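Data first, discussion second: the structure below is written as structure tokens.
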Protein chains: 2
Amino acid sequence: MITLTERQSLILKAIVRDYTEGGNPVGSKSLVQELPIKVSSATIRNEMAHLEALGLIVKTHLSSGRIPSIKGYRYYVDHILKPEKVDSKDLKVIQHSLGGEFHKIDEIVAQSADILSQLTSYTTFTLRPELKHSRLSGFRLVPLGNHQVMAILVTNNGDVENQTFTIPNDLTGDELEPVVRFIDDQLIGLPLQDVLAKLQQEIPLKLSHYLQNPDGFLDIFGSVLSKAASERFYVGGKLNLFDYTTKQNPQEMRSLYSLLDQTDNLANVIGSPGQHIQVRIGNEITNDLLKDYSLITATYDVDQHGQGIIAVLGPTAMPYSRTIGLMGAFQRELARKLLEYYRYFDE
Amino acid sequence: MITLTERQSLILKAIVRDYTEGGNPVGSKSLVQELPIKVSSATIRNEMAHLEALGLIVKTHLSSGRIPSIKGYRYYVDHILKPEKVDSKDLKVIQHSLGGEFHKIDEIVAQSADILSQLTSYTTFTLRPELKHSRLSGFRLVPLGNHQVMAILVTNNGDVENQTFTIPNDLTGDELEPVVRFIDDQLIGLPLQDVLAKLQQEIPLKLSHYLQNPDGFLDIFGSVLSKAASERFYVGGKLNLFDYTTKQNPQEMRSLYSLLDQTDNLANVIGSPGQHIQVRIGNEITNDLLKDYSLITATYDVDQHGQGIIAVLGPTAMPYSRTIGLMGAFQRELARKLLEYYRYFDE
DNA sequence: GTTAGCACTCCATTAAGTTAAGTGCTAAAA
DNA sequence: TTTTAGCACTTAACTTAATGGAGTGCTAAC
């Protein structure tokens, strides 16, 4: 366990701030000027040597100024940083962007990713509150003409999932009506999670009372159901990557950029809802492509409706204090907005 | 009007090929070796000086080899190039990728963009056959619970468009039934184009017989209708841009990449269905960001169902012959597949 | 514990030199 | 008239050397 003196802590803080803002290694002379302590550059050099021995700062070459190491950022984030209070202008942007009318939860969550990326100028990810606790509140099959039928599934939160199918030859619309009624009778009110479980077991059996060959229907129902219950992942500010990337080589840029389209991969990296705010720096992120970046994830809570995630990806040299402050505000505002939305439908 | 001798034409062709394949300016000595004519490098140099005087090739510096100018590519494409016969392996890829089962025309068209980008390793755009000739074949409003209703619009091609709305307070489901029946009676069979026109004129008048305040319903119907009638634009192989870009600067890369997300902007650049195959090179493209690239657009024809577009964006130094050959094959296969699809629904 | 002073290191920039590829031109050959 | 050999010349790209500046570690004195 590392403990720093007041002065060492001040120096580390100044190095992190200067490097984050200016992008250049920080030398002892410039530190003397801005620090509120009156010592010579030689003293600062001694202290810096100490911080370096602890592994908190490193040189880019033998006689260069210092930059924070990953361990240094870590210490800064854990022990020094205080989340910045959100600017009232920024808060207004957040509130205004969430203030409009939305027709879907996913719209709100996707929009959040965009706004947060705008405010931070980094890349952001959002995950809606888990769907597995949502309950089935309706299922319909709407015939659309000779060959097609639309399956619609509604949850108690007002989430609507639909999909159009070409009707299997061995099914007619008339046959399906009692099946739909059966679904409505038996399954409405159950969490989607449970419905999915039953789909593997009881349902096929019971359906065989109504249909000779229930496979066609089960495919349709299963497909819409699992689409409705799947996690959904939104990415904002992809283009910002061009601004903060450390890669020069277009090939490396390409693989990094393409990672942003691989939602399952990203979802894995980000993980599940957990502690309030988590900061992962450099190689603490479990993906080699991101080992030069920092990832901040925050879990937001919508009471009994579950938890979701917002996350920001940026350079290791980022203004953590500001970013974390912004995310805190976003967390609160988003939770508030979603609660309002859920209440409207779940009455 | 430029006319070249046989030999000059051969030299230009060789310069285009070499530069396209190797990326380096082409000198007189290497040309001597590969050309099927027995002359010395000095003679080639004389001919090259002539081609340069005509503006077909340029030097990168005073004593460098030559590269084709835009005018040179133009001449090559117009007078020398022969579309390459498609490799049977490539043809199989195309046919296999279009052979699967699709539930929507847009899926086919989007998939096409992806496959073509894979085969060319460039960026591709596809536009589905114009929707304005499609006819309305059904409109439904499906109530989904306390507050929501889903509007579904079907066309004679099996295209389905749907949108979920929060019900305006002054509308109830019961009121809407006769309205929907009215829509079905009056408008089914008409081209979407005409329906859109009527929406501005007669329909609001007639609706006032059924509803006190028809605005809520008109919003819903209009919104789904215009969504159904809007052009849709697919982009494939965005990431390939990283491979063939000429930009070094991340900022320029960013603006170029962001152009790929601006579909209306792109649609403008690409234009409307027109001549069979059109090649635009460098500053012939009406967008400054693309002035170092080439854009090949091809119109495909699905009989009375209208025309669509496929397009490829790549470097000016691209293997035109191969690319155009591929696009020709794609044009045919896509038209065939779509015709089959339309026939299935429009019976 | 702090500081002045100094030798030392490394990056970044500039300048100069070298090589290889390619050109244009001239005068002779075909 | 066309082609060719030969040569002087140009330029990019690379290598090497020189210089200045920022910053460090260490020592000895405060």
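Note on naming: letters A, B, ... go to the chains in the order of the sequence lines (proteins, then strands), and numbering restarts at 1 for each one. Just so you know, these numbers come straight off a predicted model, no measurement behind them. What's counted below: heavy atoms across the whole structure, side chains too, no hydrogens, waters or symmetry copies.
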### Task
Check every strand shown and say whether A/Ser28 touches a base, only sugar-phosphate, or nothing at a heavy-atom separation below 4.0 Å.
sugar-phosphate
Whole-Å distance, A/Arg7 CZ to C/dT3 C1', equals 12 Å
Side-chain N or O of B/Arg66 closer than 4.0 Å to phosphate OP1/OP2 of C/dG24: yes
B/Asn46 CG to C/dT26 P, in whole Å, measures 12 Å
In whole angstroms, the gap separating C1' of D/dG23 from CD1 of A/Ile67 amounts to 15 Å
Q) Would you call B/Asp292-B/Lys247 a salt bridge at under 4.0 Å N-O? A) yes
Query raised in the report: Do the charged groups of B/Asp261 and B/Lys238 touch, with an N to O distance under 4.0 Å?
Result: yes
Practice prompt. Verify, without hydrogens or angle tests, whether B/Ser117 (side chain) and B/Thr123 (backbone) share a donor-acceptor contact under 3.5 angstrom.
Written response: no
Taken to the nearest whole Å, CD1/B/Ile37 to P/D/dT2 is 16 Å
Think B/Thr43 has a side-chain N or O under 4.0 angstrom from the OP1 or OP2 of D/dT4? yes
* Does OP1 or OP2 of C/dT26 have a side-chain N or O of B/Arg45 closer than 4.0 Å? -> no
Per atom distances to the B/Leu62 side chain, the nearest of C/dT3, D/dG25, D/dT10 is D/dT10
note: A/Ile57, atom CD1; D/dG25, atom C1'; distance rounded to Å ~ 14 Å
query = In terms of side-chain heavy atoms, does A/Tyr293 have a donor or acceptor partner in A/Thr245 at a distance below 3.5 Å?
reply = yes
Between NE2 of B/His61 and C1' of D/dA13 the distance, given in whole Å, is 10 Å
If you compare every side-chain N and O of B/Lys59 against the phosphate oxygens of D/dT10 (OP1, OP2), does one of them come in below 4.0 Å?
no
### Query
C/dT9 base to A/Ser63 side chain: any donor-acceptor pair below 3.5 Å?
yes
Correct closest heavy-atom pair for B/Asn283 and B/Ile70 would be N-CD1, 3.7 Å
Taken to the nearest whole Å, CD1/B/Ile44 to P/D/dT3 is 10 Å
Between CD of A/Glu47 and P of D/dT24 the distance, given in whole Å, is 14 Å
